[in-house]
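Let me begin by presenting the structure, written as structure tokens, before commenting on it.
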Amino acid sequence: MTDHIIIGGGVIGLTLAYSLACQNESVLVLDRGTCGQGTSRAAAGMLATDIELREELHTLAARSRRLYPLLARRLTRETGIDCGYREQPFLLKQNEQ
Ligand SMILES: Cc1cc2nc3c(=O)[nH]c(=O)nc-3n(C[C@H](O)[C@H](O)[C@H](O)COP(=O)(O)OP(=O)(O)OC[C@H]3O[C@@H](n4cnc5c(N)ncnc54)[C@H](O)[C@@H]3O)c2cc1C
């Protein structure tokens, strides 16, 4: 008997599964292909919450963005695999009209 079944093993499904497992919930992840080989594999890795999102999603995304460094450190500690997360400043050029 499984507490949760998650369809899709991309970054969203796997992070959700990890979070549930950390709360001692049993989880089954089903993927039609190979976990981590969907859109998540194509992502450039930018966490651009301030420039890419609609207003109504911004609060949620900003909170998620603040939690991400903790998750990255925790995963590195638990797995020994460095996901490559780095804090880097960037410049944003406004479009000239
Ligand atoms: C070129 C590119 C660059 C990007 N760059 C960035 C970036 O820099 N920063 C950023 O934040 N986002 C970026 N994104 C967006 C980001 O990749 C996605 O928002 C994110 O990976 C989505 O994760 P996901 O887990 O929802 O989907 P996916 O990673 O696609 O995972 C979904 C999984 O579900 C499985 N699946 C689908 N249908 C079924 C089914 N019926 N039954 C079973 N399994 C199924 C698939 O096989 C797949 O493994 C980029 C996207 C692209 C395409």
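Counting starts at 1 for both ligands and their atoms, in listed order. In what follows, residues are counted from 1 in the order of the sequence shown.
Between Thr34 and Asp31 the shortest heavy-atom distance is N-OD1, 3.7 Å. For the residue pair Gly9 and Val29, the shortest heavy atom distance occurs at CA-CG1, 3.8 Å.
The CG atom of Asp3 sits 8.5 Å away from atom CG of Leu20, with the distance rounded to the nearest 0.5 Å.
Between the side chain of Thr2 and the main chain of His4, no donor-acceptor pair closer than 3.5 Å is present.
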Anything under 3.5 Å between an N or O on ligand 1 and a protein N or O? List each pair with its distance, or write none.
residue, atom, partner, partner atom, Å
ligand 1, 5 (N), Ala44, N, 2.9
ligand 1, 8 (O), Ala44, N, 3.4
ligand 1, 8 (O), Gly45, N, 3.1
ligand 1, 8 (O), Met46, N, 2.9
ligand 1, 9 (N), Met46, O, 2.6
ligand 1, 11 (O), Met46, O, 3.2
ligand 1, 17 (O), Thr39, O, 3.3
ligand 1, 21 (O), Ser40, N, 3.2
ligand 1, 21 (O), Ser40, OG, 3.0
ligand 1, 23 (O), Ser40, OG, 3.4
ligand 1, 25 (O), Val11, N, 3.1
ligand 1, 25 (O), Ile12, N, 3.0
ligand 1, 29 (O), Thr39, N, 3.4
ligand 1, 29 (O), Ser40, N, 2.8
ligand 1, 29 (O), Ser40, OG, 2.5
ligand 1, 30 (O), Thr39, N, 2.8
ligand 1, 30 (O), Thr39, OG1, 2.9
ligand 1, 44 (N), Arg32, N, 3.0
ligand 1, 47 (O), Asp31, OD1, 2.7
ligand 1, 49 (O), Asp31, OD1, 3.4
ligand 1, 49 (O), Asp31, OD2, 2.6

For residues 59-67, run the donor-acceptor check on the side chains, cut-off 3.5 Å, and write out each pair with its distance to 0.1 Å, sequence neighbours left out.
residue, atom, partner, partner atom, Å
Arg65, NH1, Tyr85, OH, 3.3

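No hydrogens or angles considered: a donor-acceptor pair under 3.5 Å links the side chains of Tyr18 and Arg74.
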